[in-house]
There are 2 protein chains.
Amino acid sequence: MLETIGRTRLRDVVAQRIQQYIADEGLRPGDRLPTEGELATRFGVSRLSLREATKSLEFIGVLEARPGRGLTVGRMRMERITGYLGLNPALQEADPAVLIDTRVIIETGVLPHVARRMKDDPALYDGLSGINARLRDARTLQRWVTLDIEFHRSLIEASGLTPLMAFADVLAVFFQRFRESVRKAEWSGGVVAHQAILDDLRAGRVSRAETQLRTHIESHRTRIVGPAKGEPAE
Amino acid sequence: MLETIGRTRLRDVVAQRIQQYIADEGLRPGDRLPTEGELATRFGVSRLSLREATKSLEFIGVLEARPGRGLTVGRMRMERITGYLGLNPALQEADPAVLIDTRVIIETGVLPHVARRMKDDPALYDGLSGINARLRDARTLQRWVTLDIEFHRSLIEASGLTPLMAFADVLAVFFQRFRESVRKAEWSGGVVAHQAILDDLRAGRVSRAETQLRTHIESHRTRIVGPAKGEPAE
DNA sequence: GGCGGGTAGTTTATCTGACAATCTGATGGT
DNA sequence: ACCATCAGATTGTCAGATAAACTACCCGCC
């Protein structure tokens with residue numbers, strides 16, 4: 001995970017140590033940590049160096065700090081990170097084939113769970129269909145992309161497998177540029193595919209839904225990875 | 001849940017400003033930013049407060065800093081970001097059944113890719129078999145858990161789908177919470193199952209490998225969760 | 001006895017000033 | 001042209017300090 005550029009910085013070591021401390025002590029959100037001064041002494045660094053590490057962890061929600069009270073364990077928020085992604089030019093281009101393969105695994109993998117839960121909760125179908133209906137009415141690319149992301153996100157959410165949510169969100173951000181290469185003439189095909197997948201899920205035809213979803217996601221491959229290696233139109 | 005938000009911290013304002021500067025200037029990865037001293041002057045804060053913001057942005061990859069060279073726009077690599085997924089409360093608090101389901105999706109999902117790559121690179125098989133051989137010789141629970149995690153992690157790695165390495169953290173969380181449920185009497189069964197999966201992959205019998213791996217992972221369910229509450233619709 | 005207000009102590013937020021470590025570019029020598 | 005050295009620039013880390021925010025305890029009043 002870490003790139004070996006330059007020597008290891010104190011603050012990176014400290015951040016790791018703090019995370020380790022949280023894990024070792026089995027701390028939960030809201031639990032107190034030692035004070036900045038105590039941690040600095042414990043790790044043998046200045047208080048300011050300690051703060052550079054804690055501010056980093058605070059930035060993504062892992063820690064919370066309040067004057068007079070001290071440091072507590074927070075709840076890591078992936079959206080604090082993905083919020084800095086978006087259409088960020090610093091976003092490194094990820095291999096589109098890997099992104100597609102990864103999406104296929106995650107999104108087809110959750111379908112059996114979605115189908116099972118749809119049986120008990122028909123509102124899941126209604127919610128997803130509602131998003132798709134709005135997709136049908138989309139007139140701008142931005143709108144279409146936003147709703148497409150929302151549809152796929154909600155599909156994963158419908159599985160109840162929360163560990164996959166944050167990951168799917170990160171995937172979505174890196175995949176966004178490829179969504180934006182979808183031509184308007186292909187939007188309606190996407191809406192039809194979404195609906196077919198939903199209907200199959202509701203009817204308990206999971207294998208068929210998986211095949212359709214795989215095809216739907218794989219449709220990006222020809223355009224992005226396929227023979228035409230040129231830039232996306234637009 | 002309502003939170004009493006304290007006053008806006010300087011470093012959060014500065015982080016936003018820096019992000020805005022990058023966008024306004026249209027900077028790309030590798031492009032130079034003003035020095036810490038210049039930015040501190042520009043934003044009217046001390047250099048150390050400026051650093052608290054830059055270290056936070058560095059933590060998530062937006063910035064990179066090197067002595068003598070200065071601040072540059074970083075590359076927000078997906079692997080770096082997904083590397084923080086293990087800190088996600090959704091993982092720490094997930095229902096054990098959810099963790100098992102998540103593992104099944106990821107680990108069976110990568111098998112077609114592992115099998116394809118094994119064809120081109122037999123060393124993959126050798127590496128995984130080597131880990132399994134060491135598993136066979138494990139004598140302590142700690143050792144066994146460490147190697148079991150390594151085996152499953154290497155299996156995901158063998159797929160070449162590096163984003164999914166994020167789910168190595170799922171494995172760590174899983175075994176940290178349920179290590180005591182792994183009975184010594186069942187270790188040899190696990191080693192046999194691993195080997196069977198590998199042999200099937202090498203022989204191109206992907207479906208069979210998937211079934212075996214699913215069974216292998218699902219074996220935890222009875223011990224941890226109790227009687228199976230029903231398989232996903234299929 | 002209970003409640004509310006005030007204060008002291010604690011802890012984080014931010015600052016000034018300083019030195020150490022690392023990098024880059026210019027210059028000189030071969 | 002290439003390599004080595006050095007000066008200057010920039011980040012990394014520290015010590016010492018004050019300001020702002022929070023908590024707990026004590027005291028007074030009803």
Side-chain angles (χ1 to χ4, degrees), chain A residues 2-18 21-22 25 27 29-75 80 90, chain B residues 1-19 21-22 25 27 29-75:
Chain A
L2 289 178
E3 303 92 351
T4 53
I5 299 178
R7 70 170 185 149
T8 304
R9 274 71 180 269
L10 275 185
R11 63 182 177 269
D12 292 333
V13 176
V14 169
Q16 278 296 120
R17 291 273 184 83
I18 290 171
Y21 176 87
I22 292 171
E25 300 289 317
L27 301 184
D31 289 350
R32 287 267 186 85
L33 270 84
T35 65
E36 288 181 357
E38 285 163 356
L39 286 174
T41 301
R42 169 178 295 199
F43 296 139
V45 299
S46 78
R47 195 175 135 235
L48 290 203
S49 293
L50 183 280
R51 282 179 62 85
E52 288 186 2
T54 58
K55 292 321 121 188
S56 297
L57 291 172
E58 233 180 304
F59 197 67
I60 61 174
V62 170
L63 292 183
E64 290 181 6
R66 285 161 62 179
R69 178 176 172 78
L71 292 170
T72 55
V73 178
R75 301 178 66 88
R80 290 280 290 169
Chain B
M1 174 157 59
L2 288 181
E3 301 164 351
T4 305
I5 307 294
R7 72 168 184 148
T8 305
R9 272 71 180 272
L10 275 185
R11 62 182 176 269
D12 290 333
V13 176
V14 170
Q16 281 289 339
R17 291 273 184 82
I18 290 170
Q19 179 76 348
Y21 176 87
I22 292 170
E25 299 290 317
L27 301 185
D31 289 352
R32 287 265 186 87
L33 272 84
T35 65
E36 289 180 353
E38 285 164 356
L39 287 174
T41 301
R42 169 178 295 201
F43 296 140
V45 299
S46 74
R47 190 176 144 234
L48 289 202
S49 291
L50 184 279
R51 282 178 62 84
E52 288 187 3
T54 58
K55 292 322 123 188
S56 297
L57 291 175
E58 245 181 290
F59 199 66
I60 65 175
V62 171
L63 293 184
E64 291 179 7
R66 285 159 63 179
R69 177 177 174 79
L71 293 170
T72 54
V73 179
R75 299 172 187 277

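Every chain is numbered from 1 and lettered A, B, ... according to where its sequence line falls, protein lines coming before strand lines. Since this is a predicted model, take the numbers as computed values, not measurements.
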Could you give the [atom1]-to-[atom2] distance, from [X] to [N], as a whole number of Å?
X: Glu38(B); N: dT11(D); atom1: CD; atom2: C1'; value: 13 Å
X: Glu58(B); N: dT10(D); atom1: CD; atom2: P; value: 17 Å
X: Glu52(A); N: dA13(C); atom1: CD; atom2: C1'; value: 14 Å
X: Glu36(B); N: dC23(C); atom1: CD; atom2: P; value: 15 Å
X: Arg11(B); N: dT12(C); atom1: CZ; atom2: C1'; value: 9 Å
X: Leu50(A); N: dG12(D); atom1: CG; atom2: P; value: 17 Å
X: Leu63(B); N: dT10(D); atom1: CG; atom2: C1'; value: 15 Å
X: Glu64(A); N: dC22(D); atom1: CD; atom2: P; value: 13 Å

From C-beta outward on Arg9(A), which listed nucleotide comes closest to its side chain: dG16(D), dG12(D), dA13(C)?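 Out of dG16(D), dG12(D), dA13(C), the nucleotide with an atom closest to Arg9(A)'s side chain is dG12(D).
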Nucleotide nearest Arg66(B) (side chain, heavy atoms from C-beta), chosen from dT24(C), dA13(C), dG12(D):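 The nucleotide sitting nearest to the side chain is dT24(C).
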Would you list the protein and nucleotides 4-10 of chain C atom pairs, both N or O, that sit under 3.5 Å from each other?
none

Could you tell me if the side chain of [Y] sits less than 4.5 Å from the side chain of [X], heavy atoms only?
X: Ile22(B); Y: Asp31(B); value: no
X: Leu71(A); Y: Leu39(A); value: yes
X: Ile18(B); Y: Phe43(B); value: yes
X: Arg9(B); Y: Glu58(A); value: yes
X: Arg69(A); Y: Arg32(A); value: yes

Can you spot which of Lys55(B), Arg11(B), Arg51(B) makes a salt bridge (charged side-chain N to carboxylate O under 4.0 Å, His left out) with Glu52(A)?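 The salt bridge (charged side-chain N to carboxylate O under 4.0 Å, His left out) with Glu52(A) is passed solely by Arg51(B) among Lys55(B), Arg11(B), Arg51(B).
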Hey, is the side chain of Lys55(A) poking within less than 4.0 Å of OP1 or OP2 on dA13(C), counting only N and O atoms?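 So the side-chain polar atoms of Lys55(A) do come within 4.0 Å of the phosphate oxygens OP1 or OP2 of dA13(C), strictly under.
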With a 4.0 Å limit, can you tell me whether Arg51(A) has a side-chain N or O closer than that to the phosphate oxygens OP1/OP2 of dA13(C)?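 It does, given that an N or O in the side chain of Arg51(A) lies less than 4.0 Å from OP1 or OP2 of dA13(C).
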Please report the interatomic distance [atom1]([X]) to [atom2]([Y]), rounded to the nearest 0.5 Å.
X: Thr35(A); Y: Arg42(A); atom1: OG1; atom2: CZ; result: 10.0 Å
X: Ile60(A); Y: Ile60(B); atom1: CD1; atom2: CD1; result: 8.0 Å
X: Ser56(A); Y: Asp12(A); atom1: OG; atom2: CG; result: 7.5 Å

Just checking [X]: base, sugar-phosphate only, or nothing, at a heavy-atom cut-off of under 4.0 Å?
X: Ser49(A); value: sugar-phosphate
X: Arg47(B); value: base
X: Leu71(A); value: sugar-phosphate

Which heavy atom in Thr72(B) sits nearest to a heavy atom in Gly30(B), and how many Å separate them?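 Taking every non-hydrogen atom into account, CG2-O, 3.7 Å.
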Tell me, what's DNA chain D's dot-bracket, Watson-Crick or G-U with both distances under 3.5 Å, | for other-strand, [ ] crossing? ||||||||||||||||||||||||||||||
Could you say whether Ala65(B) or Leu48(A) is positioned toward the 5' end of DNA chain D, judged by the nucleotide with the nearest heavy atom to each?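 Its nearest nucleotide being more 5', the pick is Ala65(B).
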